[in-house]
Amino acid sequence: MSAGTGLVREIRSKNAGPFWVTIDVFCRDADAFEVVRMRLETAEVARVLQADPQQLKRFDIADLQVIKFSLPRPHVQGARLDRDMHGASFAVLVREVLEAAGGSG
Amino acid sequence: MAAMDIDRGLHADTRPGTAPAALGQGAGPQVRVLIPSGALGISIDPAALEAGLAMAPDIIAIDGGSTDSGPYYLGTGTCKYARASIKREWAMLMRARARLGVPLLIGTAGTCGVDAMVDWMLEITAEIAAEIAADDPAGVGAALRVATLKSSQSPATLAEKFGHGAISALEGAPDLAAADFAGCSHAVALAGAEQIQAALKTGADIIIAGRATDTAVIAALPLARGCHPGGAWHGAKIGECGALATDNPGPGAILIEFDAAGFTVQPTGAGVQATPHTVSAHMLYENADPFVLHEPGGHLDVTGACYTALDPRRVRVEGSVWVASDAYTVKLEGARQAGFQTVSLVMVRDLHYVAHIEDWVGALEAAFHRREASNIAVDFELDFRLIGQDATLGALETQGLRAGGGSGGIHEVGVMAIITASTQDAARDIARLLNPYLLHFPLTENEPMPTFAFAFSPPEMDRGALYEFQLYHVLRLADPMAAFALETHELGASA
C-alpha cells in the first residue's frame with residue numbers, strides 16, 4: 001500500500017491470483033478523480049510497468065472514485081524470478097507516474 | 001449424536017424468536033451467514049464473534065486458505081498457520097456452533113485445500129470434539145456428524161483430461177503440455193456452490209471442505225434456499241475476507257443476510273462500520289475485473305449493483321446479476337517442484353563498492369562462472385538480489401543508485417545470492433563455491449583484497465524445495481461432483 005496525501009487516499013497493489021496483479025488508485029473525491037484519471041495515462045503506466053499495453057486493463061470507476069489497472073504478473077507469483085510474493089510493490093510505480101504527471105499523489 | 005435433520009442446512013429459516021430485527025427487504029427466504037474472520041488461523045475477535053452469534057446466524061462459514069501466500073503450501077500440501085492457532089480458533093467456532101445448533105463450514109482447509117489438509121482438519125476436529133464431550137458428555141457438541149469434501153486431483157488424470165480437451169487455459173496461463181500437468185506435486189479443483197450444497201445436504205454439523213472458491217462457502221446455503229443468485233454471490237464476495245469490507249478490519253467478524261432481492265452487510269465488531277464505499281470497494285480486492293467474478297457454473301456481474309446505507313453500520317445491496325454459463329467448469333490449481341535453493345547473504349558497507357555494486361556483482365558472477373565451471377557438474381541458476389538498490393522491483397526499479405553517507409544516498413547494500421539446483425546438496429555445494437567470492441572478490445585487480453560482512457557462520461542457508469504455480473486452467477465437468485469426493489464421519493457417537 002502507498003498512502004496518499006493529496007489527490008489520492010491510497011494506492012494499493014495485490015495479487016489477483018498467482019498470474020495477475022491488480023493496482024487500485026483510490027482518489028480523494030470526485031474532483032480529484034477527474035484530475036487523476038486525466039493525468040494517469042495508460043501508455044505511461046504500461047511503460048513503467050513494462051507491460052504489454054494490450055494486456056493492461058484499465059477501469060475508471062467514477063462511483064468509487066477509483067482507477068484500477070490489472071495486468072499479468074511479470075513473473076508468476078513465487079516463481080524463481082519473482083521478487084514480490086504478494087505483488088504489493090507495484091503500487092509505488094503507479095504513484096511515481098502520477099507524481100511525475102504533476103499529481104501530488 | 002446431535003439432533004439430525006438431514007436437510008437442515010437447506011431449509012428455509014423457520015426457527016422462531018431468535019432473529020433480531022430483519023436486516024433484509026421484503027418476504028421470501030432469508031439466510032444469515034456469519035463470517036467470523038477473514039481466514040482461520042489469523043485470529044478471531046471473541047467479542048465480535050459473540051455479537052455475531054447473538055444475531056442468530058443460520059450458518060458459520062470461514063475460509064481456510066488461498067494461493068496468496070505463494071506456491072509452497074500447495075506444492076508441499078501443508079498449512080501456513082500453526083496447528084495451535086488453527087485448533088484454538090476452530091475450537092471457538094465449534095463451541096459456538098454447538099450453542100446455536102447451526103452448521104459450521106470451512107473451505108480450503110489448511111491453506112491449500114489438498115486432501116491431506118482435509119484429513120488434518122478432521123483430526124483437529126475430532127480432538128476438539130473429544131474435549132467438548134469431556135466437558136459436557138450430554139451436550140449437543142458431544143456427538144457430531146462431519147462431512148469432508150475433497151478436491152485433490154490426480155496430476156496424471158489431469159494430464160489425460162488435458163489430452164482429451166476437457167481442460168482449457170485461462171487468459172494469461174502458461175503454455176502447457178500434458179506432461180506439465182503430470183509434473184505437479186499437488187493439484188486441486190476449486191469447489192463451487194454445488195459441491196458445498198452436496199455437503200450441506202448430508203445434514204452435517206461441521207463441513208470441512210478442501211479447495212473451494214472463497215465465495216462458494218458463503219453463497220452455497222443462500223443459493224440452496226432460493227435467495228437471489230446475484231445477491232448470494234455478490235454478498236459472498238463482500239464477506240470472503242471477514243470485515244475487510246468495513247472501515248476497520250481488525251475485529252474481523254461480519255454478518256451477511258441474504259434474501260430474495262439482495263443482501264445486507266453488517267459488521268459485528270464494536271464500533272465497526274460498513275458503508276456503501278467500503279462494501280462496493282471490496283469488489284476491487286484481489287480481483288482483476290471490478291465488475292465480474294467468475295465462479296463454477298457462471299459469473300457474477302455487479303455493474304448494476306446499488307449500494308444503500310441503511311444506517312451508519314449496515315449496507316443494503318441489490319441489482320447484482322448471476323449469469324449462468326453453458327458449460328460447468330471448475331478452476332484448477334497446481335504446483336510443481338522446480339529445484340532446491342540455497343541462499344547466501346553478504347553485506348557491503350564500503351562506499352566505493354556500494355557506488356559500483358552492479359559492476360561488482362557482474363564481475364563476481366562472471367568470474368565465478370569462468371573459474372568454477374569445471375567444478376560444477378550439474379545445471380544450476382545463480383540469481384542476485386541487491387537489497388537497498390533494486391531487490392524489490394528488479395528491472396522495474398526507477399530510482400538510480402545514489403551511493404553516499406548520511407541521508408543523501410545509500411551507504412550499504414545487501415547482496416543476496418540465490419542458487420537453484422536439482423538437489424539441495426548441489427545447491428549448497430555451489431553456494432560454498434561462491435562463498436570466497438562473496439567474501440573477498442575485488443572490484444578491480446589493482447586494489448587490496450576486500451572482506452565483506454557475513455552475518456552468520458556458515459553464511460549459506462538451505463531454503464529447501466522451490467515450488468512454482470503451474471496451472472491456470474479450468475476443467476469441464478458433466479457432473480459437478482465428478483471431480484470431488486464427499487464423505488461423512490460420526491464423531492463421539494456412543495458405542
Side-chain angles (χ1 to χ4, degrees), chain A residues 9-10 12-27 29 47-52 54-61 63-97 99-100, chain B residues 66-75 169-174 276-292 294 303 305-307 331 333-336 338-339 341 381 383 385 387 390-399 416 418 420 466-472:
Chain A
R9 291 188 291 111
E10 176 190 357
R12 72 181 181 192
S13 60
K14 192 78 166 55
N15 296 329
F19 294 85
W20 284 72
V21 66
T22 190
I23 306 162
D24 300 328
V25 181
F26 291 86
C27 299
D29 53 32
R47 187 190 69 77
V48 168
L49 296 175
Q50 299 180 21
D52 178 353
Q54 301 300 315
Q55 291 195 299
L56 180 67
K57 300 175 188 282
R58 173 173 177 154
F59 304 90
D60 290 5
I61 311 166
D63 289 347
L64 292 177
Q65 297 149 16
V66 168
I67 298 160
K68 182 181 184 72
F69 297 95
S70 296
L71 66 156
R73 280 176 136 271
H75 301 289
V76 177
Q77 180 199 10
R80 181 174 64 86
L81 296 177
D82 181 39
R83 292 165 178 259
D84 184 355
M85 193 62 66
H86 295 85
S89 300
F90 294 90
V92 301
L93 295 172
V94 174
R95 168 172 298 284
E96 289 173 4
V97 171
E99 289 171 346
Chain B
S66 81
T67 58
D68 200 43
S69 295
Y72 174 85
Y73 304 99
L74 179 58
L170 295 170
E171 183 183 6
H277 189 275
T278 64
V279 172
S280 57
H282 192 69
M283 268 302 290
L284 306 174
Y285 190 68
E286 295 181 339
N287 199 18
D289 188 318
F291 302 111
V292 173
H294 290 277
T303 307
C306 181
Y307 305 78
K331 191 174 165 188
E333 291 170 352
R336 71 179 183 98
Q341 293 187 315
E381 303 286 349
D383 302 302
R385 303 280 192 273
I387 300 169
D390 64 355
T392 306
L393 290 169
L396 298 179
E397 182 55 70
T398 58
Q399 305 297 309
M416 182 165 63
I418 308 167
T420 308
L466 169 69
Y467 291 90
E468 296 183 341
F469 285 118
Q470 186 79 345
L471 309 184
Y472 194 50

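In what follows, every chain begins at residue 1, and chains take the letters A, B, ... in the order their sequences are listed.
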Q) Taking all atoms of both residues into account, what is the closest heavy-atom pair of F90(A) and L396(B), and its distance? A) CE2-CD1, 3.7 Å
Q. Of all of G87(A), G17(A), P74(A), A16(A), which one pairs up most often with chain B through heavy atoms under 4.5 Å apart?
A. A16(A)
(Q) Can you tell me which portion of L74(B) sits under 4.5 Å from chain A's heavy atoms? Options are side chain, backbone, both or neither. (A) neither
Q: Please flag which part of A288(B) lies under 4.5 Å from any non-hydrogen atom of chain A: side chain, backbone, both or neither.
A: both
Q: Check L466(B) against G78(A) and note the closest heavy-atom contact, atom names and distance.
A: CD1-O, 3.8 Å
Q | Closest heavy-atom pair and its distance - F26(A), H277(B) | A | CD2-CE1, 4.2 Å
**Q.** S89(A) to T392(B) - nearest heavy-atom pair and separation
**A.** OG-CG2, 3.1 Å
Q. At a heavy-atom separation under 4.5 Å, does Y285(B) approach chain A through its side chain, its backbone, both, or neither?
A. both
(Q) I'd like to verify something: which residue of R73(A), Q77(A), R80(A) has the highest number of heavy-atom pairs under 4.5 Å with chain B? (A) R80(A)
(Q) Quick check on T420(B) against chain A: is it the side chain, the backbone, both or neither that has a heavy atom closer than 4.5 Å? (A) side chain
Q | Heavy-atom pair count under 4.5 Å with chain A, highest-scoring of Q341(B), E381(B), E333(B) | A | E381(B)
Q | Segment of Q470(B) engaging chain A (4.5 angstrom heavy-atom cut-off) | A | backbone
(Q) Less than 4.5 Å apart, side chain to side chain, heavy atoms only: is that true for E286(B) and N15(A)? (A) no
Q) Looking only at heavy atoms, which two atoms of R385(B) and D82(A) are closest? And how far apart? A) NH2-O, 3.4 Å
Q. Is it the side chain or the backbone of L64(A) that comes within 4.5 Å of chain B heavy atoms, both, or neither?
A. both
Q: Taking the side chain as every heavy atom from C-beta outward, state whether I61(A) and P290(B) have any pair of such atoms under 4.5 Å apart.
A: yes
Q: Give, as side chain, backbone, both or neither, the part of A395(B) having an atom under 4.5 angstrom from any heavy atom of chain A.
A: both
**Q.** Electrostatic pair R83(A):E397(B) at N-O distance under 4.0 angstrom
**A.** no
Q | chain B interface, residue from L81(A), D84(A), D63(A) that has the most non-hydrogen pairs under 4.5 Å | A | L81(A)
**Q.** Under 4.5 Å from a heavy atom of chain A, the part of N287(B) involved
**A.** backbone
Q | Interchain contact, L284(B) with chain A, by part (heavy-atom threshold 4.5 Å) | A | both
